[in-house]
Amino acid sequence: MADIVVTEADRGRVASVKVGDALVIQLAETPSTGFRWTFAAIDTNILELTRDEFQVGAQVGVGGGGLRVLRFAVKGRGSTRIEFRLMRSWESAPPKAAFEVRVNAS
């Protein structure tokens, strides 16, 4: 069982994982702006969200950013796309940003 870490530098790439691994996605976020990363697409037969947390960055205090860390258990074989959108939950505007990777689980 390994932790496979994916960051914004991996946008559009393929992450190869194995059943039993953990897929850890780290995305920069400043929640005080109202913009938060949420996942828009996931195949729950392959990935299961086990943790969603915000880790404070070096700039502590009001307006400080950090990382949104989402941990998924790889529970099945197959290929799926996982997509995140950076948006305010109360707005109907298009997302400020999007992040997507393809996950191949064996």
Side-chain angles (χ1 to χ4, degrees):
M1 291 199 250
D3 283 0
I4 309 302
V5 178
V6 174
T7 68
E8 289 180 73
D10 299 305
R11 182 185 316 266
R13 295 188 180 163
V14 175
S16 297
V17 297
K18 295 181 180 177
V19 173
D21 285 349
L23 178 67
V24 181
I25 299 181
Q26 300 175 340
L27 301 170
E29 182 181 275
T30 307
S32 62
T33 64
F35 287 97
R36 295 204 46 202
W37 287 103
T38 58
F39 60 89
I42 183 174
D43 183 339
T44 56
N45 293 313
I46 299 173
L47 299 173
E48 177 182 2
L49 180 66
T50 59
R51 185 178 304 156
D52 177 354
E53 64 185 6
F54 178 75
Q55 295 179 352
V56 177
Q59 180 186 358
V60 179
V62 176
L67 288 176
R68 173 66 47 195
V69 180
L70 299 115
R71 185 178 189 88
F72 294 88
V74 181
K75 65 179 198 173
R77 291 180 170 83
S79 180
T80 186
R81 174 179 62 92
I82 186 165
E83 179 185 340
F84 295 87
R85 294 184 183 138
L86 183 63
M87 57 193 308
R88 290 177 170 147
S89 61
W90 65 88
E91 290 183 341
S92 59
K96 181 177 180 180
F99 175 83
E100 178 183 328
V101 292
R102 166 110 359 232
V103 178
N104 290 336
S106 59

Residues Met87 and Pro95: closest non-hydrogen pair is CB-CA, 4.2 Å
When every non-hydrogen atom of Thr33 is compared with those of Thr30, the smallest separation belongs to OG1-O, 2.7 Å
Arg13 meets the side chain to side chain donor-acceptor pair (under 3.5 Å) criterion, sequence neighbours left out, with Asp10
Heavy-atom closest pair (Arg88 atom, Gly34 atom, distance to 0.1 Å) is CG-O, 3.4 Å
Looking only at heavy atoms, the pair that brings Gln26 and Val69 closest together is CG-CG2, 4.2 Å
What one should report as the nearest heavy-atom pair of Val6 and Ala15 is CG2-CB, 4.2 Å
For Gly76 and Ala105, the nearest pair of non-hydrogen atoms, with its separation, is O-CB, 3.3 Å
Val56-Leu86 co-clustered via ILVMFWY side chain contacts under 4.5 Å = no
In short, ring-ring contact (aromatic ring centres under 6.0 Å, His included) pairs touching residues 76-106 with sequence neighbours left out are none
Contacts of Arg71 meeting side-chain contact (heavy atoms from CB on, under 4.5 Å) (sequence neighbours excluded), chain-then-number -> Asp3, Ala22, Val24, Thr50, Arg51
Rounded to the nearest 0.5 angstrom, the CD-CG distance for Glu48 and Asp43 is 12.0 Å
Here the ring-ring contact (aromatic ring centres under 6.0 Å, His included) pairs for residues 23-57, sequence neighbours left out, are Phe39-Phe72
Check your understanding: Between Lys75 and Thr44, is there a donor-acceptor pair closer than 3.5 Å when you use the side chain of the first and the backbone of the second?
Key -> yes
Taken to the nearest 0.5 Å, the spacing of Arg102 CZ from Thr80 OG1 works out to 6.5 Å
Residue set satisfying side chain to side chain donor-acceptor pair (under 3.5 Å) with Arg68, at least two apart, ordered chain then number -> Glu29, Asp52
Item to complete: Using the rule that two of Ile, Leu, Val, Met, Phe, Trp, Tyr join whenever any of their side-chain heavy atoms come within less than 4.5 Å, decide whether Leu23 and Leu67 are in one cluster.
Response: no
With sequence neighbours left out, the residues meeting side-chain contact (heavy atoms from CB on, under 4.5 Å) with Ala28 are Glu8
Review point. Is it the case that Ser79 and Asn104 place a side-chain donor and acceptor less than 3.5 Å from each other?
Key: yes
| task | Check whether Val103 and Val19 end up in the same hydrophobic cluster, where Ile, Leu, Val, Met, Phe, Trp and Tyr are linked by side-chain heavy atoms less than 4.5 Å apart. | result | no
Do you reckon Val5 sits in the same ILVMFWY cluster as Val17, going by side-chain contacts under 4.5 Å, direct or chained? no
